[in-house]
Participant: 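Here it is, the structure, as structure tokens.
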Amino acid sequence: MNYEEMTDKSNIPTHIAIIMDGNGRWAKKRLMPRSVGHKAGADMLKRIVRKCNDMGVKYLTVYAFSTENWKRPDEEVSLLMGLIVTYLQKEVKEMNENNVRIGAIGDIEKLPKKAYDELKKAMEITKDNTGVVFSLALNYGFRDDLSHAIKNMMKENIDIEKIDDETAKKYLYTSYMPDPDLIIRTGGEIRLSNFMLYEASYSEFYFCDTLWPEFDEEQLCKAIYEYQQRDRRFGNVK
Ligand code: IPE
Ligand code: IPE
Ligand code: MG
């Protein structure tokens, strides 16, 4: 039996979030430049989006570029920004045909104009789709989201007494999605790297050594299968 067959199709996580890590190491292992790893990662992402949509996952959010990733050498940053453009140009048509809705979290206005425009276009084209909501976290970091949310709350002069979890959530980039049920990080590191620190309060975590370009459909099913074995109590007793 494989994990695909072992997963309980009636208990698929509503929201899966993925920290796609390990592209650089995947390329290094093959004595190739990091750029080749990022391209291979984009190819795998395409397959994972399709699989999630087919399995009935309602929200898929992927960490594609963090607020800290600007620290990387200029040529790697440019390569990644260019890859976002080509990925969207190549894939949006098919995603649209498959009813995928594209979204984004993060301070996307600070992306290079071409990437920003392509992203906006993809969101507009797919806005009425009812399949998986596939969000790219771009120039995203939770700490930045927190200050952005506080600024907007203050601008709107909202009543301090009314600030609770629900109001706070409305001001975060993630306001349009439920909290992730399952957070996957590939590439072997056991950390969140500033990803959804608030939304992850009761998420189940799945860390694996598999490098992102090798994280295929069967690996995804393995993560979902492991998630299904967990006992989620949310602070209650069984
Ligand atoms: C993840 O792969 C992709 C991004 C952060 C954009 P990395 O580029 O971090 O790959 P490693 O961690 O160096 O292997
Ligand atoms: C996290 O990976 C960000 C993305 C996957 C986009 P990094 O490779 O940037 O994280 P660190 O530096 O290992 O924490
Ligand atoms: Mg990394």
Side-chain angles (χ1 to χ4, degrees), residues 15-49 52 59-91 102-112 114-116 118-119 122 134-146 148 172-174 177 180 182-200 203 205-216 219-220 223:
H15 182 181
I16 298 180
I18 309 180
I19 302 170
M20 308 181 290
D21 198 18
N23 292 349
R25 280 163 285 163
W26 182 88
K28 196 173 174 199
K29 245 175 47 183
R30 286 165 178 71
L31 307 173
M32 289 194 287
R34 294 176 62 84
S35 58
V36 178
H38 292 312
K39 283 182 196 133
D43 290 341
M44 193 52 87
L45 177 59
K46 175 189 170 163
R47 285 168 53 181
I48 295 298
V49 175
C52 284
Y59 295 84
L60 169 68
T61 308
V62 300
Y63 205 7
F65 194 89
S66 75
T67 46
E68 287 74 43
N69 287 148
W70 297 108
K71 293 178 196 160
R72 295 188 179 200
D74 289 350
E75 55 170 358
E76 181 163 349
V77 171
S78 307
L79 181 279
L80 286 166
M81 292 301 151
L83 208 53
I84 293 160
V85 175
T86 40
Y87 180 83
L88 291 169
Q89 284 172 342
K90 256 176 54 197
E91 310 303 340
I102 297 167
I105 58 170
D107 191 359
I108 58 169
E109 286 177 17
K110 299 216 176 77
L111 295 174
K114 191 106 185 55
Y116 175 79
E118 213 54 58
L119 196 57
F134 166 49
S135 302
L136 290 152
L138 289 169
N139 192 18
Y140 172 87
F142 178 72
R143 290 178 173 211
D144 178 62
D145 197 2
L146 184 62
H148 140 268
L172 295 173
Y173 289 124
T174 52
M177 54 176 79
L182 170 63
I183 296 182
I184 297 170
R185 181 171 187 146
T186 63
E189 313 295 351
I190 319 287
R191 57 176 170 253
L192 285 173
S193 304
N194 202 8
F195 187 61
M196 290 204 191
L197 305 189
Y198 184 80
E199 297 84 345
S203 303
F205 292 98
Y206 179 84
F207 295 100
C208 64
D209 289 334
T210 312
L211 303 170
W212 174 250
E214 289 169 353
F215 189 84
D216 62 9
Q219 296 268 330
L220 173 72

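Both counts, for ligands and for their atoms, begin at 1 and track the order of listing.
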Participant: Restricting to side chain to side chain donor-acceptor pair (under 3.5 Å), what partner residues turn up for Gln219, sequence neighbours left out?
Facilitator: Thr210
Participant: Counting only heavy atoms not in Glu68, do more than 12 fall under 6.0 Å of its CD?
Facilitator: yes
Participant: Is there a salt bridge (charged side-chain N to carboxylate O under 4.0 Å, His left out) between Glu214 and Arg25? Walk through the geometry before answering.
Facilitator: CA-CA 11 Å; Glu214 289 169 353; Arg25 280 163 285 163; over 6 Å; no
Participant: For the atom pair CZ (Phe207) and CD (Glu189), what is the distance rounded to the nearest 0.5 Å?
Facilitator: 10.5 Å
Participant: Has Lys90 got more than 12 heavy atoms of other residues, nucleotides or ligands less than 6.0 Å from its NZ?
Facilitator: no
Participant: Is the Phe195 ring parallel, tilted or perpendicular to the Tyr63 ring (thresholds 30°, 60°)?
Facilitator: parallel
Participant: Is there a donor-acceptor pair under 3.5 Å between the side chain of Ser66 and the backbone N or O of Tyr140?
Facilitator: no
Participant: Give a yes or no on this: more than 12 heavy atoms of other residues, nucleotides or ligands lie within 6.0 Å of atom CZ of Arg30.
Facilitator: yes
Participant: Could you give all pairs that pass the ring-ring contact (aromatic ring centres under 6.0 Å, His included) test and reach residues 70-89, with sequence neighbours left out?
Facilitator: Phe65-Trp70
Participant: Under a 4.0 Å heavy-atom cut-off, what residues line ligand 2?
Facilitator: Ile19, Met20, Asp21, Tyr63, Ala64, Phe65, Asn69, Arg72, Arg185, Arg191, Ser193
Participant: Strictly under 2.8 Å of the Mg ion (ligand 3): which protein N/O/S atoms qualify?
Facilitator: Asp21 OD1
Participant: Taking atom CG of Asp43 as the centre, report whether more than 12 heavy atoms of other residues, nucleotides or ligands fall under 6.0 Å from it.
Facilitator: yes
Participant: Kindly confirm or rule out an N or O of Arg34 lying under 3.5 angstrom from an N or O of ligand 1.
Facilitator: yes
